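The structure under discussion appears below in the form of structure tokens.
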There are 2 protein chains.
Amino acid sequence: MLSKKTQYAFHALIYLAENVDKGPILISEIAAEKSISIKFLENILLELKNAGILGSKKGKGGGYYLMRTPKEIPLARIIRLLDGPIALLPCVSLNYYERCENCKDEAICGLHEVMSKVRDATLKLLENKSLKDILTRD
Amino acid sequence: MLSKKTQYAFHALIYLAENVDKGPILISEIAAEKSISIKFLENILLELKNAGILGSKKGKGGGYYLMRTPKEIPLARIIRLLDGPIALLPCVSLNYYERCENCKDEAICGLHEVMSKVRDATLKLLENKSLKDILTRD
DNA sequence: ATTTTAGTCTATCTTTTTTATAGGTTTTAT
DNA sequence: ATAAAACCTATAAAAAAGATAGACTAAAAT
């Protein structure tokens with residue numbers, strides 16, 4: 001399951017995307033609008049900023065805004081940033097690989113093979129679907 | 001990521017499947033063979049037994065054994081039993097559904113749609129692949 | 001019958017991760 | 001100058017994961 005952090009990030013990004021025309025948006029506005037603890041959200045938006053996904057402006061009239069178009073922000077990027085690995089096993093993760101202790105040879109490990117397929121199927125969607133694809137259809 | 005519990009369960013099941021001919025297998029043997037804390041493994045095997053996946057025999061010559069053929073044990077079953085939901089969001093889980101707070105209407109929620117697809121792609125593999133498919137190929 | 005073997009059950013403990021909060025600092029507009 | 005708003009770091013609280021302890025029950029061997 002995705003952590004609350006990642007879920008909140010998605011909701012915040014959706015809100016930002018749906019209000020691009022309004023310029024920088026206050027953390028407090030997003031928090032209120034999406035019922036997220038303002039301080040928790042603050043940390044999340046900071047991480048998104050440090051990753052180059054969001055930009056911000058301080059002082060009066062400040063707030064957060066998207067640094068890229070929704071189409072340019074793959075869902076996998078957000079998940080990896082805030083939740084870490086997408087794969088179900090460390091030995092099958094592309095970005096957070098770790099060798100498995102209990103298995104002698106990955107090449108003949110059946111678990112490895114199946115979980116690689118799961119990862120591929122998941123990534124095919126999450127890498128290709130972007131913020132644009134999760135905006136409310138109206 | 002799958003929890004250690006689920007990972008250990010897979011390794012234990014693999015060991016049991018690869019040693020069916022030897023009759024009931026000791027918890028201690030599996031623990032030693034797969035480097036798992038014996039007491040932790042004990043709990044896991046019990047859960048698998050209570051779910052009808054394993055059978056057991058007490059006293060001398062006792063141990064654990066599979067109640068079904070490896071082919072009849074889907075990977076999804078094990079994961080759900082020990083880890084809970086396979087879906088990435090509660091509002092998209094088939095077996096552990098929970099309504100999402102932040103979203104007004106699931107029918108038009110884009111996140112819901114994408115995550116449903118991820119769930120389907122994952123389940124297509126995990127429901128159809130069984131213990132048999134993760135045995136070491138030799 | 002008694003002893004030994006091995007799983008059963010339930011409770012607790014420890015560690016790690018997740019979720020959340022607090023409070024001061026810096027930047028910018030007016 | 002002042003107020004607004006993001007920035008930053010640390011910490012706390014809660015929950016989940018991982019692991020352990022020990023008494024109990026059942027089966028088998030003797």
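A note on names: the letters A, B, ... follow the listed sequences, proteins ahead of strands, and every chain is numbered from 1. None of the values given here were measured: they were computed from a predicted structure.
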Whole-Å distance separating the [atom1] atom of [X] from the [atom2] atom of [N]:
{"X": "N43(B)", "N": "dA21(D)", "atom1": "CG", "atom2": "C1'", "answer": "11 Å"}
{"X": "K57(B)", "N": "dA29(D)", "atom1": "NZ", "atom2": "P", "answer": "8 Å"}
{"X": "F40(A)", "N": "dA14(D)", "atom1": "CZ", "atom2": "P", "answer": "15 Å"}
{"X": "K5(B)", "N": "dT16(C)", "atom1": "NZ", "atom2": "P", "answer": "18 Å"}
{"X": "N50(A)", "N": "dA6(D)", "atom1": "CG", "atom2": "C1'", "answer": "12 Å"}
{"X": "I44(B)", "N": "dT10(C)", "atom1": "CD1", "atom2": "C1'", "answer": "17 Å"}
{"X": "K58(B)", "N": "dT4(C)", "atom1": "NZ", "atom2": "P", "answer": "19 Å"}
{"X": "I27(A)", "N": "dA4(D)", "atom1": "CD1", "atom2": "P", "answer": "15 Å"}

[N] phosphate, OP1 or OP2, under 4.0 Å from [X] side-chain N/O:
{"X": "Y8(A)", "N": "dT19(C)", "value": "no"}
{"X": "S3(B)", "N": "dA16(D)", "value": "no"}
{"X": "S28(A)", "N": "dA5(D)", "value": "no"}
{"X": "S56(B)", "N": "dA6(C)", "value": "no"}

Mapping I25(A) and K4(B) to their closest nucleotides on DNA chain D, which lands nearer the 5' end?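 Between the two, 5'-proximity favours I25(A).
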So that I can tick it off, tell me whether [Y] and [X] are bridged by a salt bridge, with the cut-off set at under 4.0 angstrom between side-chain N and carboxylate O.
{"X": "E127(B)", "Y": "R80(B)", "answer": "yes"}
{"X": "E72(B)", "Y": "R77(B)", "answer": "no"}
{"X": "K22(A)", "Y": "E29(A)", "answer": "yes"}

If you check the E42(B) side chain, which of dC9(C), dT21(C), dA27(D) turns out closest?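 Within the option list, the nearest is dC9(C).
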Minimum-distance nucleotide to S37(B) side chain [options: dC9(C), dA19(D), dA26(D)]: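 Shortest atom-to-atom distance from the side chain points to dA19(D).
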Which comes earlier along DNA chain C counting from the 5' end, the contact point of L26(B) or that of G61(A), where each point is its nearest nucleotide?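 Of the two residues, L26(B) wins.
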Does a distance-only test, which skips hydrogens and angles, find a donor-acceptor pair under 3.5 Å between the side chain of K39(B) and the base of dG22(D)?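 Checked by distance alone, the answer is yes.
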Taking atom types as they are modelled, is there a donor-acceptor pair under 3.5 Å from the base of dG7(C) to the side chain of K60(B)?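 Between dG7(C) and K60(B), which were checked side chain against base, a qualifying N/O pair under 3.5 Å is absent.
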Flag yes if more than 12 heavy atoms outside M1(A) fall under 6.0 Å of its CE atom; otherwise flag no.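 It does: M1(A) CE has more than 12 such atoms within range.
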Listed partners of E47(B) passing side-chain hydrogen bond (donor to acceptor under 3.5 Å, both in side chains), at least two apart: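 E47(B) satisfies side-chain hydrogen bond (donor to acceptor under 3.5 Å, both in side chains) with K5(B) once adjacent residues are dropped.
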